[in-house]
Amino acid sequence: KFAPQQNYTLSLNGGLGSSGYMLSYRYFDQKGLTTGSSTGEQRHNVRLKLDTKLLDRITISSNLSYTSRKITSPVNSLTDGGGAIYNAMRIAPNAPVRYTDGSWAYGGGNTNPLAVLVDGGNSVTQNDEFSLMEVLKVDIMKGWDVSATYNLTSLNGLREILKKTITFTNPENPEDVNVVQNPNSLKNIDTRNLQQTFILQSNFDFTFGKNNISGVVGMSQEWYTSRKFEASRTSLTTEKDPTLNLGDASSMSNNSSYSSWALRSGFARVSYNYAERYLLEANLRYDLSSRFHKDNRGGLFPSVSAGWRLSEEPFMAFAKPLFNNIKLRASWGMLGNQYVGSSDYPYLSILEAYTSDLSLIGTSATTGYVQSTLANPNLSWEKIKMFDVGFDVSMLNNRLNLSFDWYDKNTEGILLQLNYPAQIGPKPSEENAGKVNNRGWELDLNWRDQRGDFYYGVGFNLSDVKNQI
C-alpha cells in the first residue's frame with residue numbers, strides 16, 4: 001500500500017534589545033500501512049519561546065507549546081488476539097478475500113482481516129496537549145544565583161471507538177450467513193490530565209585559588225490529577241458518523257475514575273575539589289509522598305562520593321607521557337522508590353459500588369458497596385543502598401580507556417503485591433515485602449583512534465554479579 005508521509009515546518013526568530021523570540025509551526029501527516037483508513041496520524045504543533053533580560057541581573061524565559069493530535073487505529077490491536085495481523089497468520093492460505101460478487105468472504109473460524117480493517121470500524125483519538133514552562137533567574141552576584149521554575153502539562157483527549165457490524169453471506173447459499181461484531185457499538189472516553197511542577201533553587205560556584213566549591217539547595221513540588229469518563233451504547237441506528245444518542249437507550253453504560261498524587265522534596269548538593277586532584281561531593285534530599293500514610297510519608301536519602309586523580313599528583317609527572325588520567329573513586333548513596341502499581345492510595349481501603357442480582361429489599365435489585373482493596377497504612381518507601389569503588393585509567397592520548405567497578409547494592413522494603421487466599425475477598429495493597437542484594441564487578445576496556453578521516457573503536461566488557469533474593 002502507498003502510505004505517504006508529510007512533514008512541514010515554519011519558524012521565525014529574532015530579537016529586540018535584550019529580548020529574543022522563536023516561533024515555530026509544524027504539520028505532520030502519516031498514512032497507515034494497513035488497508036483502508038484504519039491507521040494514520042495527523043499532528044499540528046505550535047511553539048513559542050521568549051527570553052528577556054532585565055537590569056543585567058534578571059532573566060525571564062517562557063516556553064509554550066500546543067499540540068493537536070489525531071490518531072486512527074483499528075478497533076482491536078493488530079497483533080493481539082482478534083487483530084488483523086493475528087487473524088491473517090491464522091486464516092487458511094486459500095481462503096478468498098472477496099466472493100465473485102464483491103462481498104466479503106468469511107475466513108471460517110477466523111474473521112476476514114481485510115474486512116475488519118476496511119468495514120469493521122476504528123478507534124479515533126483526538127488529543128489537545130498544552131505545556132508551559134516559566135523560568136525566573138536572578139543573579140545575586142558572580143557565582144551565585146536564585147531561580148524559580150514552573151512547569152504545566154495539560155492533556156484533554158477524546159477517544160471514540162466505533163465497532164461496525166460485518167455480515168458475511170455466501171452468494172451460492174444465501175442462508176449461509178455469519179455476522180461479526182453484532183450488535184454494533186460506540187464508546188466515548190474523555191480524559192483530562194494535568195501535571196504541575198514548581199522548583200525553587202539557589203546555585204553557587206566559587207573558586208579560591210586552587211579550591212573550588214559549588215552546590216545547589218532548593219525545594220520542589222509536583223501535583224498530578226487524572227480524570228476519565230466513558231459512556232457507550234449498542235445497536236446504533238446508523239454507522240455513519242454516529243453519536244451516542246443514536247444507540248439503544250437500554251444498553252447505555254457509563255463509568256468514571258479520578259486519581260491524583262503529589263510529591264514534595266527538599267534537596268541539597270555540595271561539591272569540592274582541590275586543583276582538580278581531590279574531589280568530594282555530598283547530596284541530601286528529603287521527599288514527602290502522598291502515596292503513603294502521613295506517619296510514613298517522608299524519606300531521607302543521602303549520598304557521598306570521593307575521588308582522587310592520582311595522575312595530577314606531582315610525583316606522577318614522570319608518567320604524563322603515557323597516562324592521561326588515573327582516578328580512584330568511591331561512593332555510597334541511598335535512593336527511594338514510591339511508585340505503587342495497585343493504587344495511588346494504598347494506605348486507604350477502597351470501596352466500590354456493587355449491584356446484587358438478588359432483590360434483598362422489595363422487588364428491585366439492591367446496590368451497595370464492597371471493600372475491593374485492603375489498606376496498608378504501614379507501607380513506606382522502598383530504599384536502594386549502593387556502595388561502589390573503582391578506578392578509571394586513560395592512556396596514549398586518551399585512545400586507551402580502562403574502567404573498573406566493584407559494587408554492593410541492597411534493595412530493602414521492595415514494594416510487592418502478594419497473593420492472598422481468594423476467601424479473603426478484597427485484593428491486597430502492596431507491602432514492603434522484598435529484599436534483594438546485587439554484588440559484583442564490571443570491567444570496561446575501550447580503544448578509540450583515527451586514521452585520517454576514518455574513526456574506529458573497539459570495546460571489551462567483562463562483568464560478574466551475584467544476586468540474592
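Numbering starts at 1 and runs along the sequence shown.
Looking at Asn438 and Tyr407, their side chains never bring a donor and an acceptor atom within 3.5 Å of each other. No side-chain donor-acceptor contact under 3.5 Å links Asn188 and Arg159. With no hydrogens or angles considered, a side-chain donor-acceptor pair links Asn437 and Asp408 at under 3.5 Å. Asn122 and Thr72 share no donor-acceptor pair across their side chains, judged by distance under 3.5 Å alone. For Gln196 and Tyr150, the side-chain atoms include at least one donor-acceptor pair closer than 3.5 Å. In this model, a donor atom of one side chain and an acceptor atom of the other lie less than 3.5 Å apart for Ser271 and Glu281. Remark: the Tyr339 side chain and the Ser289 side chain contain no N/O donor-acceptor pair separated by less than 3.5 Å. Side-chain contact check for Asp128 and Asn156: no donor-acceptor pair (N or O, by modelled atom type) lies under 3.5 Å. Remark: the Ser62 side chain and the Glu134 side chain contain an N/O donor-acceptor pair separated by less than 3.5 Å. For the 3.5 Å distance criterion, the side chains of Thr234 and Ser251 qualify, holding a donor opposite an acceptor. Judged by distance alone, the side chains of Gln450 and Tyr455 do bring a donor and an acceptor atom under 3.5 Å apart. In the model, Glu222 has no side-chain atom that pairs as donor or acceptor with a side-chain atom of Tyr224 under 3.5 Å.
Annotation for Gly298 and Leu288: closest pair CA-CD2, 3.6 Å, computed over non-hydrogen atoms. Among all heavy-atom pairs drawn from Asn112 and Ala105, the shortest one is ND2-O, 2.8 Å. Contact between Leu194 and Ser154 at its shortest, heavy atoms only, is CD1-CB, 4.1 Å.
Using a 4.5 Å heavy-atom cutoff, the side chains of Leu48 and Val46 are not in contact. At a threshold of 4.5 Å between non-hydrogen side-chain atoms, the residues Leu379 and Leu415 count as touching. Counting heavy atoms from C-beta on, the side chains of Val340 and Gln338 never come closer than 4.5 Å. Taking 4.5 Å as the limit, some side-chain heavy atom of Trp104 sits within range of a side-chain heavy atom of Leu114. Between Gln195 and Trp223 there is no side-chain heavy-atom pair separated by less than 4.5 Å. At a threshold of 4.5 Å between non-hydrogen side-chain atoms, the residues Asn446 and Leu402 do not count as touching. The shortest distance between side-chain heavy atoms of Arg43 and Arg26 falls below 4.5 Å. Looking at heavy atoms from C-beta onward, Leu162 lies in side-chain contact with Leu236 at the 4.5 angstrom threshold.
Between Asn283 atom CG and Ser331 atom OG the span is 10.5 Å, to the nearest 0.5 Å. With rounding to the nearest 0.5 Å, the separation of NZ in Lys409 from CE in Met386 is 6.5 Å. Rounding to the nearest 0.5 Å places CZ of Arg269 at 13.0 Å from CG of Leu284. In this structure, Leu445 CG and Ser403 OG are separated by 10.0 Å, a value rounded to the nearest 0.5 Å. Here OG of Ser61 is found 7.0 Å from NZ of Lys49. Values are rounded to the nearest 0.5 Å.
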I'd like to know whether Asn376 forms a side-chain hydrogen bond (donor to acceptor under 3.5 Å, both in side chains) with Glu431, so could you lay out the CA-CA distance, the side-chain angles of the two residues, the decisive distance to 0.1 Å, and finally the verdict.
CA-CA 7 Å; Asn376 183 5; Glu431 299 179 34; 5.5 Å; no
Begin from the C-alpha positions of Tyr66 and Leu132 and carry the test side chain to side chain contact (heavy atoms under 4.5 Å, CB included) through to its verdict.
CA-CA 9 Å; Tyr66 170 76; Leu132 166 70; over 6 Å; no
Step by step, would you call Asp51 with Tyr21 a side chain to side chain contact (heavy atoms under 4.5 Å, CB included)?
CA-CA 6 Å; Asp51 294 301; Tyr21 68 89; over 6 Å; no
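Sequence neighbours left out, the pairs with a member in residues 395-406 that pass salt bridge (Lys or Arg N to Asp or Glu O under 4.0 Å) are Arg329-Asp405, Arg399-Asp449. Pairs passing the ring pair (Phe, Tyr, Trp, His ring centres under 6.0 Å) check and including a residue from residues 417-437, sequence neighbours excluded, do not occur. Residue pairs that meet the ring pair (Phe, Tyr, Trp, His ring centres under 6.0 Å) test with at least one member in residues 26-49, sequence neighbours left out, are Tyr27-His44.
The closest donor-acceptor contact from the side chain of Asn324 to the backbone of Asn397 lies under 3.5 Å. Remark: side-chain polar atoms of Asn127 are not paired, donor with acceptor, to backbone N or O of Lys70 under 3.5 angstrom. A donor-acceptor pair under 3.5 Å is absent between the side-chain atoms of Ser24 and the main chain of Ser11, judged by distance alone. The backbone N or O of Ser380 lies less than 3.5 Å from a partner atom in the side chain of Asn432, making a donor-acceptor pair. Here the side chain of Asn254 pairs no donor or acceptor atom with the backbone of Ala231 at under 3.5 angstrom. No donor-acceptor distance shorter than 3.5 angstrom exists from the side chain of Asn401 to the backbone of Ser394, with no hydrogens or angles considered. Here the side chain of Ser429 pairs a donor or acceptor atom with the backbone of Pro346 at under 3.5 angstrom.
The salt bridge (Lys or Arg N to Asp or Glu O under 4.0 Å) search around Glu230 returns Lys187, not counting sequence neighbours. The ring pair (Phe, Tyr, Trp, His ring centres under 6.0 Å) check on Phe301 picks up Trp381, with sequence neighbours excluded.
Residue-environment remark: CD (Gln468) stays at or below the threshold of 12 foreign heavy atoms within 6.0 Å. Residue Tyr456 places its OH atom among more than 12 non-hydrogen atoms of other residues, nucleotides or ligands, all under 6.0 Å distant. Around the CZ atom of Arg227, the shell of radius 6.0 Å holds no more than 12 heavy atoms that belong to other residues, nucleotides or ligands. Counting non-hydrogen atoms of neighbouring residues, nucleotides and ligands closer than 6.0 angstrom, the CZ atom of Arg297 exceeds 12 such neighbours. More than 12 non-hydrogen atoms from other residues, nucleotides or ligands lie less than 6.0 angstrom from CG of Leu12.
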Result block: side-chain N/O donor-acceptor pairs under 3.5 angstrom for residues 32-40, not counting sequence neighbours:
{"unit_1": "Thr34", "atom_1": "OG1", "unit_2": "Ser38", "atom_2": "OG", "d": "2.7"}
{"unit_1": "Thr34", "atom_1": "OG1", "unit_2": "Thr39", "atom_2": "OG1", "d": "2.8"}
{"unit_1": "Ser38", "atom_1": "OG", "unit_2": "Thr35", "atom_2": "O", "d": "3.0"}

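When each of Lys164, Glu239, Lys163 is tested with Asn184 by the rule side chain to side chain donor-acceptor pair (under 3.5 Å), just one qualifies, namely Glu239.
The pair Glu41-Arg69 meets the salt-bridge criterion, since a charged nitrogen lies less than 4.0 angstrom from a carboxylate oxygen.
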